[in-house]
There are 2 protein chains.
Amino acid sequence: MTPQAIKVACSNCNLRELCMPMDLSVGDLGRLDELVATRRKIRRGAPLFSNGERFTALYAIRTGFFKTCIATEDGRDQVTGFQMAGEIIGLDGIVGDHHTCDAVALEDAEVCVLPFDRIEELSREVPALQSHVHKIMSREIVREHGVMLLLGSMRAEERLATFLLNLVQRLHARGFSQSELVLRMTREEIGSYLGLKLETVSRAFSKFAEEGLVEVKQRHVRILDTDALRAVVAPHEAGAALKRCA
Amino acid sequence: MTPQAIKVACSNCNLRELCMPMDLSVGDLGRLDELVATRRKIRRGAPLFSNGERFTALYAIRTGFFKTCIATEDGRDQVTGFQMAGEIIGLDGIVGDHHTCDAVALEDAEVCVLPFDRIEELSREVPALQSHVHKIMSREIVREHGVMLLLGSMRAEERLATFLLNLVQRLHARGFSQSELVLRMTREEIGSYLGLKLETVSRAFSKFAEEGLVEVKQRHVRILDTDALRAVVAPHEAGAALKRCA
DNA sequence: CGGGGGGTTGATATTTTTCAAGTGTAGTGG
DNA sequence: CCACTACACTTGAAAAATATCAACCCCCCG
């Protein structure tokens with residue numbers, strides 16, 4: 001393969017509306033192409049970056065699916081997120097110049113490499129990009145607040161229902177089905193993310209299947225009753241609404 | 001009180017090294033004073049901002065102590081953090097132009113109001129400030145990863161020990177004791193942050209006191225054995241270290 | 001000095017984990 | 001092509017952790 005054989009360009013990337021600012025003049029849009037240095041392919045199971053590695057760039061996922069996780073010396077391990085096409089990964093490395101977590105591809109993947117010094121340079125000149133970078137980081141903070149709510153106050157089935165609804169919603173935003181999905185991760189990885197053991201995740205899946213909310217065949221999941229899944233998450237919703245009206 | 005009676009200035013603020021970039025030329029340092037529009041006092045129990053409120057500014061805490069929390073329609077509630085002098089609050093509002101959580105003063109407090117459009121403007125001109133803003137947001141993301149680890153993989157006593165060690169370490173960085181602290185929040189608020197019920201928090205405190213790790217009198221806590229507290233968090237540390245050497 | 005919110009403690013209930021056994025299933029090599 | 005193996009997943013029973021319910025205490029403050 002010749003180096004730089006394919007022209008790397010955000011301006012005609014079909015994922016642009018997912019990872020880039022929308023309201024750009026044609027001129028600024030062209031400048032964005034300076035952002036992407038190269039692309040990089042990552043095989044399933046391989047790390048995009050690892051804890052301790054020097055931080056140099058953010059990554060925009062073009063294809064594939066990642067998990068990020070942190071590990072402590074005493075063997076604890078926590079999946080902190082799952083990322084898919086159009087999402088930005090690597091923000092953890094900015095503060096200390098080194099990555100503080102591992103990003104691992106859960107299927108063969110390709111990312112755009114966005115050198116961070118170039119991001120900072122360009123966002124000084126293009127306010128829309130600057131604002132976009134801030135929003136991306138803020139969005140991650142808000143997402144993590146949601147995970148804290150999940151981990152801190154939900155029971156097992158509520159957590160799994162929330163997780164499934166979130167996944168399917170993000171997939172739907174990318175043109176996939178609203179009701180069908182293929183899990184890219186194991187029960188153990190789901191469990192780690194949700195603060196549960198893999199057996200508990202499995203049992204919750206079985207319970208949902210029993211009740212007719214979903215159909216589960218290994219990693220293939222079909223959501224049969226979205227509203228019922230939502231009701232699992234917020235069982236008191238109706239009551240609370242009533243109370244507010246009273 | 002005359003408006004603007006006191007000259008608001010970062011350049012001679014004793015908290016500067018906590019909330020501002022360190023490596024500034026004298027000229028740039030002066031420019032930072034443009035950042036702070038006003039100061040604002042918040043009484044204990046009053047909100048600095050609330051969920052749904054329009055986002056206009058970040059806040060640098062000068063004095064006092066805050067909690068941030070999110071609430072859902074169905075009555076769930078999660079404390080997402082406790083913030084003290086020198087820390088920046090309000091990052092959640094950037095992404096959607098509205099705040100997504102409540103920030104409540106747990107004691108009488110004063111903050112510097114940093115209008116966000118001014119932050120963006122100035123950080124386009126002062127790279128050190130730009131970098132600093134990025135680092136502050138990244139630090140918050142990394143902090144929340146730590147909370148996810150805590151909520152997802154630690155048991156009650158490990159969570160409380162982690163919490164105490166983190167609090168006392170931050171207080172020490174501000175010139176307070178390494179071993180003594182006064183909690184500004186209730187057991188219920190601690191519990192909400194740690195994903196536990198207040199009774200569980202209380203029991204964990206009692207257990208620590210029984211074992212001679214801490215002395216607890218209501219909200220006054222004295223840490224008697226820091227190493228033992230650390231061992232509560234990472235009980236396998238020693239074993240793991242041995243294994244690494246073997 | 002009385003009231004009330006915050007805190008502690010005990011007994012019981014519930015949820016989740018742990019341990020253990022067994023069942024697919026996808027990939028591999030004979 | 002089929003058997004085999006490794007890994008992921010499921011399920012059950014018992015154990016552990018935490019929540020819930022309830023009673024009580026203790027201050028701190030007005």
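Just so you know, these numbers use all the heavy atoms, side chains as well, and skip hydrogens, waters and symmetry mates. Chain letters run A, B, ... following the sequence lines, proteins first, then strands; residues in each count from 1.
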Undergrad: For nucleotides 10-25 of chain C, just jot down a letter per nucleotide in 5' to 3' order: B, S or -, based on protein non-hydrogen atoms under 4.0 Å.
TA: BB---SSBBB-----S
Undergrad: For A:E180, does the CD atom sit with more than 12 other heavy atoms under 6.0 Å from it, leaving out its own atoms?
TA: yes
Undergrad: One pair to check against side-chain hydrogen bond (donor to acceptor under 3.5 Å, both in side chains): A:E144 and B:H145. What are the steps and the verdict?
TA: CA-CA 8 Å; A:E144 291 182 6; B:H145 283 175; 3.1 Å; yes
Undergrad: Rounded to the nearest Å, what distance is computed from the CG atom of residue B:L106 to the C1' atom of nucleotide C:dG6?
TA: 14 Å
Undergrad: Rounded to whole angstroms, how far apart are CZ on A:R44 and C1' on D:dA8?
TA: 11 Å
Undergrad: Is there side-chain contact between A:E140 and A:I88, with heavy atoms separated by less than 4.5 Å?
TA: no
Undergrad: So among A:R43, A:R44, A:R184, which one has a salt bridge (Lys or Arg N to Asp or Glu O under 4.0 Å) with A:D108?
TA: A:R43
Undergrad: Provide, to the nearest angstrom, the distance between the CZ atom belonging to B:F205 and the C1' atom belonging to C:dG7.
TA: 11 Å
Undergrad: In this structure, how many angstroms lie between the P atom of C:dA26 and the CG atom of A:L183, rounded?
TA: 14 Å
Undergrad: Would you kindly give the CG-to-C1' distance between B:L194 and D:dA17, to the nearest whole Å?
TA: 16 Å
Undergrad: Is there a side-chain contact between B:T186 and the phosphate of C:dG5, meaning an N or O under 4.0 Å from OP1 or OP2?
TA: no
Undergrad: Five pairs per end, C1' atoms only: what is the angle between the end axes of the helix from C:dC1-D:dG30 to C:dG30-D:dC1, to 10 degrees?
TA: 40°
Undergrad: Output, in order, the C-alpha distance, side-chain angles, deciding distance and verdict of side-chain contact (heavy atoms from CB on, under 4.5 Å) for A:R159 and A:T162.
TA: CA-CA 5 Å; A:R159 295 183 199 190; A:T162 303; 5.8 Å; no
Undergrad: Can you list the steps and then say if A:Q178 with A:I223 is a side-chain contact (heavy atoms from CB on, under 4.5 Å)?
TA: CA-CA 8 Å; A:Q178 281 190 71; A:I223 295 177; over 6 Å; no
Undergrad: Show which side-chain atoms of residues 190-213 of chain A pair as donor or acceptor with protein atoms under 3.5 Å away, not counting sequence neighbours.
TA:
from   : atom 1 : to     : atom 2 : distance (Å)
A:S192 : OG     : A:V79  : N      : 2.8
A:Y193 : OH     : A:R143 : NH1    : 3.2
A:S206 : OG     : A:S202 : O      : 3.1
A:K207 : NZ     : A:E157 : OE1    : 3.2
A:K207 : NZ     : A:E157 : OE2    : 3.2

Undergrad: Quick one: does any side-chain atom of B:H99 pair with a main-chain N or O of B:S50 as donor and acceptor, under 3.5 Å?
TA: no
Undergrad: May I have the distance from B:L198 (atom CG) to D:dA22 (atom P), rounded to whole angstrom?
TA: 15 Å
Undergrad: For B:I190 and C:dT8, what is the distance between atoms CD1 and C1' respectively, to the nearest whole Å?
TA: 14 Å
Undergrad: How long is the line joining NZ of A:K207 and P of D:dC9, in whole Å?
TA: 21 Å
Undergrad: Charged N to carboxylate O under 4.0 angstrom, A:E87 versus A:R174?
TA: yes
